[in-house]
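Index from 1, following the sequence. Counting starts at 1 for both ligands and their atoms, following the listed order.
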Amino acid sequence: MAGYSFYDALPANAHTELSAYPELLRSLLYHRGITTGLDAHQFLNPSYETGLYDPFLIKDMDKAVARILEAIKNNERILIYSDYDADGIPAAVVMADFFKAINYENSEVYIPHRHKEGYGLHEEAIESFKDRVKLMITLDCGIVDHHEVAHAKSAGIDVIVTDHHLPSETLPDAYAVLNSKRADCEYPYKMLCGAGVAFKLVQALLQKGNFTIKEGAEKWLLDMVGIATLSDMVPLRDENRVFAHYGLKVLQKSRRPGLVKLLKMLGMSQPNLSEDDVAFMITPRINAASRMGIPTDAFKLLATVDEVEADQLAKHLDEINQERKGLVGSLVREIKKVMTERADHFAALPVIVLGNPDWRPAILGLAASSLVEEYGKPVFLWGREDGVLIKGSCRSDGTVSVVDVMAATATLGKEIPPLESFGGHMMSGGFALMPDAIHHLEDALVAAHAKVAKTDLGAQTSFIDSVLTLDDVSWQTQKLISQMAPFGIDNPKPLFLFKNVKPESVRMFGKRPEHLELSFNDFSGKPVKAIGFFMKPEDFAVVPAEGKTFDLVATLEKSFFRFKSELRLRIVDII
Ligand SMILES: [Mn+2]
């Protein structure tokens with residue numbers, strides 16, 4: 001369980017700099033690194049007009065724009081090649097909507113299949129469209145696909161790579177490479193998501209293109225950039241904060257039939273849509289398309305203007321998302337059963353390695369995440385879909401980089417066959433191997449784990465933003481906090497400590513019932529509720545009970561259950 005710490009008090013000069021704001025807001029700003037009056041003003045007032053950078057500051061933007069405008073002039077076939085996740089798909093919608101807005105019909109979208117093809121560019125895909133396509137624009141992928149870019153080039157296709165993933169030492173030999181993480185790119189902000197880069201390209205095209213489009217019309221594309229920015233776990237600071245802020249505003253008003261129908265079907269209030277709604281309701285349904293079916297369905301859901309198609313796709317994506325939940329749930333149960341049966345074996349190992357040729361690779365990452373939470377160890381799961389190769393996903397518990405572990409398997413000597421390929425980040429990754437190598441996988445990962453450096457998770461604590469009383473749970477406090485939204489990476493939701501609270505009632509609610517509700521009265525007798533989804537009293541170090549006094553760690557939230565807005569606490573911990 002995480003420990004909790006308090007921030008140091010604000011220094012006197014911070015109080016002076018931030019004197020325009022109430023004390024609580026001052027401290028929220030300061031503890032997120034916003035220490036000057038000017039920074040605070042910018043942070044609290046995200047501006048489309050002044051908060052975005054000139055797109056032409058991105059290296060190669062001029063070349064990319066000139067080539068696309070030339071293709072449009074010559075009516076060359078343009079192919080948009082995007083990733084299949086909740087960043088790549090909205091990016092593809094941004095680009096496709098741009099072509100639609102300028103009435104350019106000679107374009108198409110290609111999104112690879114998550115498991116039959118996998119992430120990035122593929123030679124076979126390029127072969128399938130090379131005869132008709134003259135220009136390919138990659139979105140949210142391509143930066144390390146040197147071989148495939150060269151292949152496209154030799155097939156007579158000019159390639160414009162737009163990506164935000166880290167480039168390798170050399171860049172692909174493309175016509176233009178837009179990526180603010182390029183070492184030679186002087187763009188002031190490096191942390192855009194893939195759809196953010198796509199939006200910068202559209203901004204630049206609109207500036208140079210002499211199109212008869214109403215000025216500022218591109219703002220309507222920000223719903224897509226918002227979904228992607230919130231889904232791709234990029235920091236919500238600087239230009240990304242503008243994208244997330246306006247993204248939510250546009251989402252709240254978006255007329256995209258697919259989105260409108262999806263939100264309605266889920267019983268959500270579109271005008272009050274929050275960053276959590278995006279993360280927990282929209283993102284999983286976009287991802288369900290690639291995990292459980294055809295990624296293009298998610299693209300169509302967001303891009304379509306056809307009400308009937310929108311209706312069908314919204315239902316379809318929700319259904320396969322339910323199916324996905326069911327599959328992950330039963331897979332996790334199956335794995336837990338195996339782990340209980342062989343408890344001694346697993347207890348002795350620092351990593352959990354399990355697989356079955358019948359398991360579907362597309363859902364293994366989700367299952368691994370839930371197992372990491374349960375067992376507190378890095379988890380590697382493998383399965384197989386079509387083809388010979390075994391494919392797997394892994395998640396870290398935060399003590400070790402899973403990519404480092406996978407890389408270290410190559411140093412174990414001849415008896416242990418290497419992974420065919422692997423990739424990812426510190427916390428998550430994927431791998432592929434030949435079926436024969438499966439018998440050595442657990443040994444290999446255990447040995448590799450011993451070789452790599454560990455990070456100390458014990459030092460990780462959550463910071464309490466402020467100590468509040470139940471009387472502080474008011475719309476006034478909520479209004480103050482909401483100025484800091486949207487929350488996410490690098491701008492965490494304010495965490496509050498409520499000391500010595502005593503619930504009037506402790507109850508479970510929901511279908512099974514699976515959620516926890518604590519009801520308090522504040523000093524004046526006004527009821528205050530604290531809820532925790534998928535929590536039960538026994539989950540906590542201090543088990544809450546009626547009339548028992550404890551300290552509550554919680555965030556403040558506005559909920560819109562059945563379209564009635566309600567202020568409540570969201571339980572984080574009971575200590
Ligand atoms: Mn991305």
Q) So, His164 and the Mn ion (ligand 1): N/O/S under 2.8 Å, yes or no? A) yes
**Q.** Ionic contact status for Lys391 with Glu385, cut-off 4.0 Å
**A.** no
Q | Test log, rule side-chain contact (heavy atoms from CB on, under 4.5 Å), inputs Asp97 and Lys100 | A | CA-CA 5 Å; Asp97 273 11; Lys100 206 187 292 166; 3.7 Å; yes
Q. Any idea how Tyr187 and Tyr53 line up, ring-wise: parallel (<30°), tilted (30 to 60°), or perpendicular (>60°)?
A. perpendicular
Q. By atom name, which N, O or S atom of Asp87 is the nearest to the Mn ion (ligand 1)?
A. OD2
Q: Carefully, step by step, assess Glu218 and Phe98 under the rule side-chain contact (heavy atoms from CB on, under 4.5 Å).
A: CA-CA 8 Å; Glu218 78 280 4; Phe98 162 75; over 6 Å; no
Q.
Looking only at N, O or S atoms in Asp232, which is nearest to the Mn ion (ligand 1)?
A. OD2
Q: May I ask you to check if any N/O/S atom from Asp140 comes under 2.8 Å of the Mn ion (ligand 1)?
A: yes
